[in-house]
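Working notes for the structure below.
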Amino acid sequence: MPFDSATTPELVVAFVLGLVYVPLLLAITQALGLYAIIKEQEAQVFTLFGTVLGTISEPGLRFPLSYFGVKALLVPFFGKRYRVSTALRQYYLRDQMVNSEEGTPMGVGIWYEMRVTDPVAYLFRNANPESSLQANVASATISTLSNLEMDKMLEDRHQLSRRVRATVSPLSEQWGYQLGSVYIRKVSFTDRQMVNNITDKVVKRLVQVTSAMKQDGDNRVGLIKSETAFKVSQQMAEAAATRPAVVGAALNAIASQDQEVLNAVMEVMETEQLLHSNAVLELLPASSDILVQVA
């Protein structure tokens with residue numbers, strides 16, 4: 001559609017008025033309660049003359065007239081609208097003081113999460129539900145962990161966390177919210193001197209265990225060496241015992257074939273034994289009469 005110079009100013013004025021009055025009109029209609037915008041993980045509670053009309057928790061553009069009838073038009077003047085977040089919330093309580101069965105003071109850190117499930121109860125059954133929840137979780141933690149053995153307190157944290165949640169959950173449901181996961185995250189010693197004593201004991205125990213392991217290793221190595229030496233000596237003894245039988249069998253075979261060869265072999269063996277014995281030999285000629293002279 002073509003625009004002429006006469007209609008252009010009118011369009012500009014209409015555009016400007018639309019930018020100004022349309023948001024203003026929407027704000028007025030929302031203030032009068034004709035519609036409400038519900039966000040994700042949010043619930044809106046409507047009250048009139050101190051009485052709860054109802055709750056709208058479905059996200060999107062909603063019209064209270066379709067939920068509460070004509071009474072919804074009176075809420076902006078004689079009532080109130082509350083916005084309650086139903087998102088998951090997480091908290092961490094640090095250094096909750098407990099005493100073990102041995103009388104050791106310890107600090108416990110506990111992590112938990114909660115979600116609002118009943119916005120009306122959350123708003124009107126407890127003046128400060130979040131602080132009340134923290135107090136209940138802290139008291140349940142202290143009552144559950146107090147006078148327990150230190151080993152159990154340090155090792156069975158998953159089971160103890162479930163006990164804390166089971167203790168707090170019934171009361172939290174009455175106040176309009178649901179307690180989610182509960183986990184005892186940290187258990188620490190508050191007495192510095194006790195920490196130093198435990199550290200010294202742990203170091204000494206580690207040194208003792210290390211030395212015991214080293215001694216056990218040395219004992220095992222020594223046992224292996226002795227067993228190996230025994231087996232080697234046994235094999236050498238067997239080999240040394242086998243040698244005379246082998247040599248004797250060979251000499252018997254030679255003797256059965258040729259006596260002269262046997263005599264030669266015996267002479268060679270005798271000569272070899274003399275050489276290995278490092279004995280001092282004095283060789284005399286066959287025609288020498290030294291022995292006769294000595295006699």
Side-chain angles (χ1 to χ4, degrees), residues 92 94-111 141 144-165 181-257 261-281:
Y92 182 62
R94 301 178 181 272
D95 297 331
Q96 303 300 310
M97 300 303 299
V98 297
N99 291 325
S100 65
E101 186 181 24
E102 298 82 1
T104 305
M106 306 183 71
V108 178
I110 184 166
W111 172 89
T141 302
T144 302
L145 300 183
S146 294
N147 298 324
L148 288 179
E149 296 179 0
M150 187 182 301
D151 295 341
K152 187 174 183 180
M153 191 182 302
L154 295 174
E155 298 174 0
D156 298 342
R157 288 187 289 176
H158 296 284
Q159 181 180 358
L160 296 175
S161 299
R162 289 194 292 267
R163 289 174 58 183
V164 172
R165 183 179 184 277
S181 299
V182 177
Y183 182 64
I184 299 173
R185 187 176 179 182
K186 182 180 179 181
V187 178
S188 60
F189 298 97
T190 57
D191 190 352
R192 187 63 186 175
Q193 183 63 33
M194 182 172 295
V195 174
N196 294 334
N197 293 337
I198 294 175
T199 303
D200 294 339
K201 290 181 180 179
V202 171
V203 172
K204 292 179 181 178
R205 180 59 179 169
L206 288 176
V207 172
Q208 182 180 2
V209 171
T210 303
S211 60
M213 293 174 62
K214 183 178 179 181
Q215 184 64 37
D216 182 69
D218 294 341
N219 294 337
R220 290 179 181 271
V221 171
L223 181 61
I224 292 173
K225 287 183 178 179
S226 61
E227 290 179 353
T228 303
F230 173 74
K231 291 181 180 179
V232 170
S233 61
Q234 185 178 9
Q235 295 294 329
M236 294 295 293
E238 291 178 358
T242 305
R243 182 176 179 276
V246 173
V247 174
L251 293 177
N252 291 330
I254 294 173
S256 62
Q257 295 177 3
V261 174
L262 176 62
N263 294 333
V265 172
M266 295 299 294
E267 290 180 358
V268 170
M269 293 178 62
E270 182 178 2
T271 303
E272 184 180 2
Q273 291 294 326
L274 290 174
L275 292 176
H276 285 296
S277 65
N278 296 323
V280 178
L281 300 179

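Heavy-atom basis, side chains included; hydrogens, waters and symmetry copies ignored.
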Show the nearest heavy-atom pair for residues Tyr92 and Gly109, with the distance to one decimal.
OH-CA, 3.6 Å
Under 3.5 Å donor-acceptor pairs involving side-chain atoms of residues 222-232, not counting sequence neighbours:
residue: Ser226; atom: OG; partner: Gly222; partner atom: O; Å: 3.2
residue: Ser226; atom: OG; partner: Leu223; partner atom: O; Å: 2.7
residue: Thr228; atom: OG1; partner: Ile224; partner atom: O; Å: 2.7

Nearest-0.5 Å distance, CD1 of residue Ile110 to CZ of residue Arg165
12.0 Å
Check for a donor-acceptor pair, side chain of Asn219 on one end and backbone N or O of Gln215 on the other, with a separation under 3.5 Å.
yes
Hey, are Asp218 and Lys214 close enough for a salt bridge, meaning a charged N less than 4.0 Å from a carboxylate O?
no
